[in-house]
Amino acid sequence: MKICQMSPEERPREKLMKMGAAALSSTELLSIILRTGTGKKNAIEIARDLLAENGNRLSSLALLSTENLKLSEGIGPDKAATLVALFELVRRMMSEQPERNKTELPDSKSVFLLMEPKLKGLDHEECWLLYLTRNLRLIGIEKLTSGTPTSTGVDVHMVMTKALAKKAQRIIMVHNHPEGNPLPGQADLEFTMKLKSALTPAGMMLLDHVIIGDGCFYSFSEEQLLHLKRGKYNKKRIITNN
């Protein structure tokens, strides 16, 4: 059935105009972006199939290239380009710098909520730094490195150089685990303690290291690991505390 043959209350565009975008399903919203169907399927059916092919996860769909999108029935060059452009706009929106005077990060959950949109659905690790003043006002967010599925390629000197350039007095480090489990590995532990020790003589403080997984996170601060001395922790302790 063509969308124009559906009752007005069932048509995605009319439904959006009457009830707002939040009332629509992901399939309905996607069908509006696709605009038209084919001789065999309408835009809603194409959208439904496209989502199903990607596990019904928008984050998976957002990773596809135009060439991969065109492999799906009903998705030609124009629709593929439109979808890639849409998801790129979303990523850029999520990466916009917040208004400095209004952004507060009182706890690790606030950091997670701020950073998850930037790291969600990635197939590689990225390391980001959050720069803050002494009174915890956010003055900048910067992606430091983009690495492999299992490492970020960051080093202490790199962090120190960036933090000094920003004149930050407090730092929060954030990185993701693409496989979804935010539990830190031994390399994460070693690097965090090394960074903490290096920042202190320079008058800076590592407030937290937050590892973001699939809808969850791990905070070194909340687990009180930043209060430990080097050599006083082990992997068993981390697993227990998680």
Side-chain angles (χ1 to χ4, degrees), residues 98 103-122 124-242:
T103 302
E104 296 180 357
L105 299 171
D107 51 36
S108 57
K109 185 176 181 179
S110 300
V111 176
F112 168 72
L113 293 175
L114 176 66
M115 297 301 298
E116 187 194 26
K118 306 181 193 307
L119 298 169
K120 185 178 178 65
L122 296 180
H124 60 276
E125 288 195 9
E126 290 187 357
C127 178
W128 290 67
L129 291 182
L130 278 61
Y131 306 108
L132 302 96
T133 63
R134 186 179 298 275
N135 61 358
L136 307 186
R137 180 172 61 87
L138 184 65
I139 57 176
I141 301 175
E142 182 178 19
K143 180 169 72 173
L144 198 59
T145 60
S146 181
T148 70
T150 57
S151 67
T152 61
V154 67
D155 61 59
V156 170
H157 177 72
M158 187 186 303
V159 175
M160 292 284 293
T161 300
K162 293 288 186 178
L164 287 170
K166 294 288 185 179
K167 298 181 180 180
Q169 295 173 300
R170 302 289 185 265
I171 296 170
I172 297 175
M173 181 175 174
V174 181
H175 86 277
N176 63 310
H177 281 177
E179 80 282 0
N181 182 358
L183 188 69
Q186 193 65 27
D188 295 325
L189 292 164
E190 294 285 354
F191 181 83
T192 302
M193 301 308 290
K194 185 178 180 181
L195 177 60
K196 172 197 169 186
S197 298
L199 288 171
T200 302
M204 294 180 284
M205 178 184 296
L206 180 64
L207 290 179
D208 202 353
H209 180 180
V210 176
I211 304 176
I212 294 179
D214 186 7
C216 54
F217 68 95
Y218 185 96
S219 164
F220 279 71
S221 177
E222 285 196 2
E223 297 299 330
Q224 300 184 357
L225 293 179
L226 295 179
H227 303 297
L228 298 177
K229 295 182 179 179
R230 294 185 67 179
K232 296 294 185 180
Y233 57 85
N234 55 57
K235 197 169 184 180
K236 183 177 180 181
R237 172 185 171 91
I238 302 306
I239 294 173
T240 301
N241 281 353
N242 193 55

If you round to the nearest 0.5 Å, how far is CD1 of Ile211 from CG of Leu183?
->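 Atom-to-atom, Leu183:CG and Ile211:CD1 are 7.5 Å apart.
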To the nearest 0.5 Å, atom CG of Leu144 lies from atom CG of Leu129 at 4.5 Å
Do [X] and [Y] have side chains that approach each other closer than 4.5 Å (heavy atoms only, starting at C-beta)?
| X | Y | result |
| --- | --- | --- |
| Leu138 | Leu114 | yes |
| Lys167 | Tyr131 | no |
| Cys127 | Thr145 | yes |
| Glu142 | Lys166 | yes |
| Val154 | Met173 | yes |

* Working for side-chain contact (heavy atoms from CB on, under 4.5 Å), residues Met204 and Leu164 -> CA-CA 9 Å; Met204 294 180 284; Leu164 287 170; 3.8 Å; yes
### Query
Counting heavy atoms not belonging to Met160, are there more than 12 under 6.0 Å from its CE?
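Yes - once you tally the heavy atoms of other residues, nucleotides and ligands closer than 6.0 Å, there are more than 12.
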query = Does atom NZ of Lys120 have more than 12 heavy-atom neighbours from other groups under 6.0 Å away?
reply =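 Enclosed: over 12 neighbouring heavy atoms sit under 6.0 Å from NZ of Lys120.
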message: Has Asp208 got a side-chain atom pairing as donor or acceptor with Ile172's backbone, closer than 3.5 angstrom?
response: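 Here the side-chain-to-backbone pair does not exist.
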Just by distance, do the side chain of Asp214 and the backbone of Glu179 share a donor-acceptor pair under 3.5 Å? no
Quick one: sort the Phe220 and His209 rings into parallel, tilted or perpendicular, breaks at 30° and 60°.
-> parallel
- Query: Looking at Ile171, Ile141, Leu207, Val210, which hits side-chain contact (heavy atoms from CB on, under 4.5 Å) with Leu130?
  - Reply: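 Going through the options one by one, the only one that passes is Ile141.
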